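As the structure is a computational prediction, the values presented were derived from the model and not from experiment.
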Amino acid sequence: MENATLKLRGMSCASCARSIEDAISSVPGVNECSVNFGAEQARVDYDPRKTDLQAIQEAVDAAGYSAYPLQEQNLMAGDDDEEKRYRLKESRDLQQKVTVGGIISTVLVIGSLPMMTGLNLPFIPTWLHNPWVQLVLTTPVQFWCGYSFYVNSWKAFKRHAATMDTLIALGTSAAYFYSLFPTVFPSFFISQGLQPDVYYETCAVVITLILLGRLFENRAKGQTSEAIRKLIGLQAKTARLIRNGREIDVPIEEVQIGDVVLVRPGEKIPVDGEVVDGTSTVDEAMVTGESIPVKKQPGDEVIGATINKTGSFKFRATRVGKDTVLAQIVQLVQQAQGSKAPIQRLADQVTGWFVPAVIAIAILTFIIWYNIMGNVTLALITTVGVLIIACPCALGLATPTSVMVGTGKGAENGILIKGAESLEIAHQIQTIVLDKTGTITQGKPTVTDFLTVNGTLNGNEIKLIQLAASLERNSEHPLAEAVVRYAQSQEVPLVDVRDFEAVAGSGVQGIVSNRLVQIGTQRWMEELSINTQALQQDKERLEYLGKTAVWLAVDGEIKGLMGIADAIKPTSTQAVKALQKLGLEVVMLTGDNRRTAESIAREVGIKRVLAEVRPDQKAATVQALQTEGKIVAMVGDGINDAPALAQADVGIAIGTGTDVAIAASDITLISGDLQGIVTAIQLSRATIRNIRQNLFFAFIYNVAGIPIAAGILFPIFGWLLNPIIAGAAMAFSSVSVVTNALRLRNFQPKTLA
């Protein structure tokens, strides 16, 4: 199976989206199709052995719309300009029609004031009352400004469907041609005892208001995709390469894997790579959401589009083009914005039968009022009102616009949400399972304690660190690397070592600065007849805390004791407390022994610990939690976490982890900071709350609006809903829904811990 994203053209409402979805789904070989009206995109899963993109595009064309494949890698190269040009042209066309329609509508309303108010208004020229003048003024609005309604209605009719455009075309045409009859044959109406009233201003004003609503909607939709444009705008345009000893500037598209790139202070890093020379600090906030600049030195990875702050350095390009972190982020955000949330299914089901039902209600309204009152004018006003006010646009926009803004906001905060379904489920999480190594902890051994015997080497602790790290530099053991990193963090210079020897399973020894230095286990020290009593209590305390105790002897005497552990990330404790304040049960899952696991859990405030769980048991452990009736999220970073991430209701991968874990997850935290989980859940809750608000207003609007337009209040209060007011309400209902969704752009994560 393959999947593709198609950019769609010609949609005007949610019914159009459903028509396209049905057309694509009917193509043999298409497995699944999801059309997002707000994003104007279709996500298609298809079997390339049975069909291809051309056949799918032809099906869309046959339905009366158009589509073209949206390639993420081309988007990174700047193809988004075409989309901006299209939206700008569409806005210009709408603006022209709204301007013309607005001017003519104003003149028509002024000319109709005497008829509408029943007053003699001498300041209004009598020629404006003339129905022939009103006919001439209205015709260009009806058939030029409203041309798209007729075209789209005809397309829908040919495929035996009805859309919002069908409602607008029917409603305004009914008012126009009804008015045309008394204009041409006024004597017939007079002979029947009826006033030859015309409703040209209704046609013009309704069309103008609906086009005005579409203009606002078009601009608002452009803002919902702002996150992607911001991300694309982050990338550098050129790169400075070192080739044959010379510095040359090349377009970013020409950078190849293996090229050495020079970055100076204040410049953007053009592509992903690994530092080979120099040190600096890099501001990665725009990609990871991490506000504090990160120190970079040889061997460290750098991310394209981040900003170099203090020093110059060279790095070797490891990922370019569509493979860079930024390109993958754009791809994931696009994918998420084009996806459909489960909560949208209700709106889709409603819009599927909504337009035909409205047409039936309008016909019934006309028949009832004409038969009851015998008044064709009353019957016409109510019928047109029903057709105009019943637009299902707001329903179609309620979910996708919120999803687009929410996923975009997540990307700004270093949180990649793969789809709308993940975004929706995240707000329901009850239990969150945190893998220990690399998630709660940093994932690598770190010296947490360096204890010395009083009076050793005249109290010169720095000298002891130098002796230990210089010796360990010759070892490949992970604990040895921790000692060396500790010395580097203390800026302690290292010296040469003679007669280095590694004793398997015990430790290392050698001559450092003419002293015999030995580092290893207590058992080995006792075998060497070295007394460890001086620091025995400290050793027991370290082991109680789940740390590895490593002894340091100089010239046959114990001089120090190092506690080495997988250090807890600085923000883990705060994040756990914040998750608990959100009402979540936090569980730690690890393969480590129970004592070490419980020590870490105590430190970060986790009460439930699942320890000594083998990698192949992690998915089953998550499943066991699900059988307790809980909605479970799993957070991990390693290859062995991938099955558990896939098993969980929501899989959350630490972005600093493996590609396999990220691929298996629903949400990715780029920075690796657990605080991102809190932000993701808060964002999910805010987005779902926003969607519910949109759906409520959209449903209430239609449920209340249609009966009022049909004249249900007329027998009681004598109130009728003027089609002009109905048109204004319909137009601005969609705008209000999109505007409400755009409020999510102001989302800020709350500090709970």
Side-chain angles (χ1 to χ4, degrees), residues 76 227 230-242 247-253 255-330 332-333 410-416 438 442-444 446 485 488-489 491 567 569-571 637 653-659 662 668-676 679 749:
M76 291 301 295
K230 280 184 179 177
L231 288 169
I232 295 169
L234 291 176
Q235 67 176 351
K237 303 296 185 241
T238 62
R240 183 172 289 105
L241 305 185
I242 306 295
E247 295 180 15
I248 57 171
D249 289 332
V250 301
I252 192 171
E253 295 82 11
V255 179
Q256 300 177 358
I257 294 175
D259 280 341
V260 175
V261 184
L262 173 65
V263 184
R264 294 184 295 205
E267 293 182 338
K268 284 184 178 180
I269 296 171
V271 296
D272 299 357
E274 180 180 321
V275 178
V276 294
D277 183 41
T279 60
S280 183
T281 56
V282 175
D283 181 359
E284 297 181 342
M286 63 288 298
V287 175
T288 67
E290 175 58 57
S291 59
I292 301 173
V294 182
K295 185 177 180 181
K296 301 292 181 181
Q297 57 191 18
D300 289 341
E301 290 188 356
V302 290
I303 303 172
T306 55
I307 300 175
N308 181 31
K309 300 292 286 183
T310 54
S312 297
F313 64 89
K314 298 175 185 175
F315 73 92
R316 182 174 289 105
T318 56
R319 287 189 295 264
V320 300
K322 65 183 178 65
D323 297 320
T324 62
V325 169
L326 181 64
Q328 290 173 9
I329 290 173
V330 170
L332 280 172
V333 174
E412 289 179 21
N413 285 274
I415 301 164
L416 297 185
Q442 294 179 356
K444 59 185 179 183
T446 304
R485 283 196 300 270
Q488 291 172 339
S489 69
E491 298 183 350
K569 292 178 180 177
T571 58
D637 74 321
I654 300 298
T656 49
T658 66
D659 291 341
I662 293 171
T668 300
L669 310 179
I670 304 174
S671 69
D673 186 346
L674 287 187
Q675 193 65 38
T679 303

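- We find the CD-CG distance between Q675 and L669 to be 10.5 Å, quoted to the nearest 0.5 Å.
- V255 has its side chain within reach of V250: a pair of non-hydrogen atoms, C-beta onward, lies under 4.5 Å apart.
- The closest donor-acceptor contact from the side chain of T306 to the backbone of V302 lies at 3.5 Å or more, if one exists at all.
- A distance of 5.5 Å separates CZ of R485 from OG1 of T446, quoted to the nearest 0.5 Å.
- In this structure, T318 and I257 have side chains that are not in contact, with every pair of non-hydrogen atoms separated by 4.5 Å or more.
- At a cut-off of 3.5 Å, with distance as the only test, no side-chain donor of T679 or N413 sits close to an acceptor on the other residue.
- The minimum heavy-atom distance between A236 and I252, with the atom names listed, is O-CD1, 3.3 Å.
- Residues P265 and K309 approach most closely at CB-O, 3.7 Å, considering heavy atoms.
- Residues K569 and I654 are in side-chain contact: their nearest non-hydrogen atoms beyond the backbone lie under 4.5 Å apart.
- Enclosure of atom CZ in R240 by more than 12 non-hydrogen atoms of other residues, nucleotides or ligands within 6.0 angstrom is indicated.
- Counting only distance, with no hydrogens or angles, the side chain of D272 and the backbone of G304 share a donor-acceptor pair below 3.5 Å.
- When side chains are defined from C-beta on, S312 does not count as touching S280, because their heavy atoms never get closer than 4.5 Å.
- If you take OG1 on T238 and CD on E253, they are separated by 10.0 Å, rounding to the nearest 0.5 Å.
- Between the CD1 atom of I415 and the CG atom of D673 there is a distance of 10.0 Å, given to the nearest 0.5 Å.
- Residues V261 and A239 approach most closely at CG1-CB, 4.4 Å, considering heavy atoms.
- A donor-acceptor distance shorter than 3.5 angstrom exists from the side chain of K296 to the backbone of E301, with no hydrogens or angles considered.
- Put simply, the side chain of V275 does not reach to within 4.5 Å of the side chain of K314, judged on heavy atoms.
- Remark: side-chain polar atoms of N308 are paired, donor with acceptor, to backbone N or O of R264 under 3.5 angstrom.
- Within the model, atoms CG of D277 and CD of Q297 stand 12.0 Å from one another, a figure rounded to the nearest 0.5 Å.
- You'll find the side chain of T279 stays beyond 4.5 Å of the side chain of F313, heavy atoms only.
- In this structure, L262 and E247 have side chains that are in contact, with non-hydrogen atoms separated by less than 4.5 Å.
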Side chain to side chain contact (heavy atoms under 4.5 Å, CB included) between F315 and I269, worked out: CA-CA 10 Å; F315 73 92; I269 296 171; 3.8 Å; yes
